[in-house]
Protein chains: 2
Amino acid sequence: MRIATKERAYNNRSYSAAVRCARILARNRESIAVRSDDLAAANLTRIIDATLRLSNKKGFHSTTVRDLAKASGLSMGGVYSYVASKDALVSMILGEVLATVDEVLAAPPPEVAADPRVHLRWIIEAHIRLSDAMEPWFVFCFMEAKSFPSRERRMSVEAEAMTEGLIGAIITRGAAAGVFDIGEAGLSAALIKPLLQDWYVKRAKYRRRGTTIEDYIAAVTGFAERALAAKPLEARRRA
Amino acid sequence: MRIATKERAYNNRSYSAAVRCARILARNRESIAVRSDDLAAANLTRIIDATLRLSNKKGFHSTTVRDLAKASGLSMGGVYSYVASKDALVSMILGEVLATVDEVLAAPPPEVAADPRVHLRWIIEAHIRLSDAMEPWFVFCFMEAKSFPSRERRMSVEAEAMTEGLIGAIITRGAAAGVFDIGEAGLSAALIKPLLQDWYVKRAKYRRRGTTIEDYIAAVTGFAERALAAKPLEARRRA
DNA sequence: GCGCGCCGAGCGAGCGCTCGAAATATAAAT
DNA sequence: ATTTATATTTCGAGCGCTCGCTCGGCGCGC
């Protein structure tokens, strides 16, 4: 019955459940029996909100469709007029996360992409802020990935590789430009990825520590820049 | 029916499933009906090996006791004369991992503990090698932690905090001695932990990349030392 | 009064777990 | 050495329950 009301925003865009679910509805319009867009969007939001909330507490597999029906204020049959099967829920959620990650991370502002050091800072901050704004979605995808249906599992592996590829490309360009000093770009990118994920994977720990998202972004940025031996931005051109 | 035969060793100690299960048997002797130690150890090993193998493939919750019975070559009843319940399996596996982590990481050789830089290198290597030698065990504990029974979940949170505390203490001592230059030791320790875990959490990725464990240890060590601005070991005493 | 949306009892399947009997190993008696 | 008695270990059909999912009918707004 309860629904997420907190407006999650970042980068002048809204990452609220309502907006995400409207997009999911649009993408799956033909497989949803209910005609009214407003009604369908509202109820789909309740269902997906319940799925994320309950799954992240006790696991997707332990969350029953009856649980979801009760938590979203619908009946069993009601749920099934929005969602073809339990697996289809996985597909909807994962699809929306992957689409959003792709939209946000693969499209840096042009002035950012010019300098690898700026680009690195930007992608670190963008990833952490996006995963923060859509925390339950990211947690769901991370924790349930290994028990996803095979198509969905393949998709999430690919997406992980894509993100890492973006970071690797930045590091490679930075090394070529002489602003990073690092052995293997791929391995460094592979090591930065878990730093970005830890914010949502172990969110409770950081909350307990009193670490804010600004603290965390600063810490990861500093950590990564020192590890990559990044030359300071102020002293770009030197002999 | 199949049983892990690969002998996993490191640090002159064996971390094979057989040795781990013998310890589990000793710790749970009174709750296991079978009298013969040899028989009990052999069958318990089959059961736990099957549990780790199947759970890590499709999740503990989706792994049925019938699956475990078939995979370990016993009947339903047979399994239950070694394991009181499905939850008891979780407790056995987690208990053994926590005990082993504690034994290994909390007891560095005396010559290592003297210098924070050596100590840091040692704990990074020890953690990665241990988690490698007991990979399925670590993967199980990490992936299933959030759906553990409450007692077990509390234990694993405590253990994570303990490991991080060890790393934090090393960094604090190093900063006091002037060999590390870092803002907050706790946050740095929190960021090193996911680097250690990534080796087993995303093992498939590193296998695909062709990264060996030596590569990985070297990369994490270098990454962490640069991030902590560690002074090189050769130039310890300087004005 | 028609149709969109919702309901919830019911279906077959599969779950964790039990328990008395069968099978086997060990000890004792002859 | 053979039989008998006892203890130990294994077995798997069956119990009660919950699961994902279906479907015929009901209510309510146009």
Side-chain angles (χ1 to χ4, degrees), chain A residues 1 3 21 25 28-48 50-51 54-55 58-93 144 147-149 152, chain B residues 1 3 21 25 28-48 50-51 54-55 58-93 144 147-149 152:
Chain A
M1 206 65 84
I3 202 166
C21 292
L25 173 62
N28 299 73
R29 201 62 190 90
E30 79 291 350
S31 74
I32 293 175
V34 175
R35 309 294 236 227
S36 156
D37 278 348
D38 288 352
L39 185 62
N43 279 337
L44 188 61
T45 302
R46 289 164 175 279
I47 292 169
I48 288 185
T51 306
L54 297 181
S55 294
K58 57 180 183 173
F60 181 66
H61 211 90
S62 311
T63 301
T64 72
V65 180
R66 278 171 245 271
D67 292 338
L68 296 179
K70 187 175 292 181
S72 56
L74 293 173
S75 65
M76 289 287 289
V79 171
Y80 276 95
S81 58
Y82 293 92
V83 173
S85 70
K86 227 186 146 193
D87 275 352
L89 262 174
V90 169
S91 171
M92 286 177 173
I93 295 170
E144 307 297 339
S147 40
F148 278 173
E152 277 70 24
Chain B
M1 204 67 85
I3 201 166
C21 291
L25 174 62
N28 298 72
R29 201 61 189 89
E30 79 291 350
S31 75
I32 292 174
V34 174
R35 308 297 238 220
S36 155
D37 278 347
D38 288 352
L39 183 65
N43 280 337
L44 188 60
T45 302
R46 288 165 173 278
I47 293 169
I48 289 185
T51 305
L54 297 181
S55 295
K58 57 179 183 171
F60 181 66
H61 210 90
S62 312
T63 301
T64 72
V65 180
R66 283 172 181 80
D67 291 339
L68 296 180
K70 186 174 292 179
S72 56
L74 294 173
S75 64
M76 288 288 288
V79 171
Y80 276 96
S81 58
Y82 293 91
V83 172
S85 71
K86 226 185 147 194
D87 276 351
L89 261 175
V90 168
S91 170
M92 285 176 173
I93 294 170
E144 307 297 339
S147 41
F148 278 175
E152 277 70 23

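Naming convention: chains lettered A, B, ... in sequence-line order (proteins, then strands); numbering from 1 in each chain.
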Touch check for A:T63, heavy atoms < 4.0 angstrom, all strands: base, sugar-phosphate only, or nothing?
sugar-phosphate
To the nearest Å, give me how far apart CG (B:L39) and C1' (D:dA7) are.
14 Å
Rounded to whole Å, please give me the gap between CG in A:L74 and C1' in D:dC21.
16 Å
Should B:F60 and B:T51 count as side-chain neighbours, where that means a heavy-atom distance under 4.5 Å?
yes
Would you tabulate the nitrogen or oxygen pairs shorter than 3.5 Å linking the protein to nucleotides 22-30 of chain D?
none

Tell me: CD1 of A:I47 to P of D:dC21, nearest whole Å?
13 Å
Can you name the one residue among A:L44, A:L39, A:N43 that meets side-chain contact (heavy atoms from CB on, under 4.5 Å) with A:V34?
A:L39
May I ask you to decide if B:S75's main-chain N or O and B:R66's side chain share a donor-acceptor pair within less than 3.5 Å?
no
Among C:dG16, D:dG20, C:dG5, the nucleotide that comes nearest once only the side chain of A:V65 is considered:
D:dG20
Is any side-chain N or O of B:N43 closer than 4.0 Å to OP1 or OP2 of D:dT9?
no
Between CG of A:D37 and C1' of C:dC4 the distance, given in whole Å, is 14 Å
Without decimals, in angstroms, what is the distance between A:R66 CZ and D:dC17 P?
14 Å
Taking CG from B:D38 and P from D:dT8, how many angstroms apart are they, rounded to a whole number?
16 Å
Taking the nucleotide of DNA chain D with the closest heavy atom to each, which residue, B:V34 or A:S85, is nearer the 5' end?
B:V34
Send over the distance from B:D87 CG to C:dG16 P, rounded to a whole Å.
11 Å
Please report the distance, rounded to the nearest Å, between OH in A:Y82 and C1' in C:dC7.
13 Å
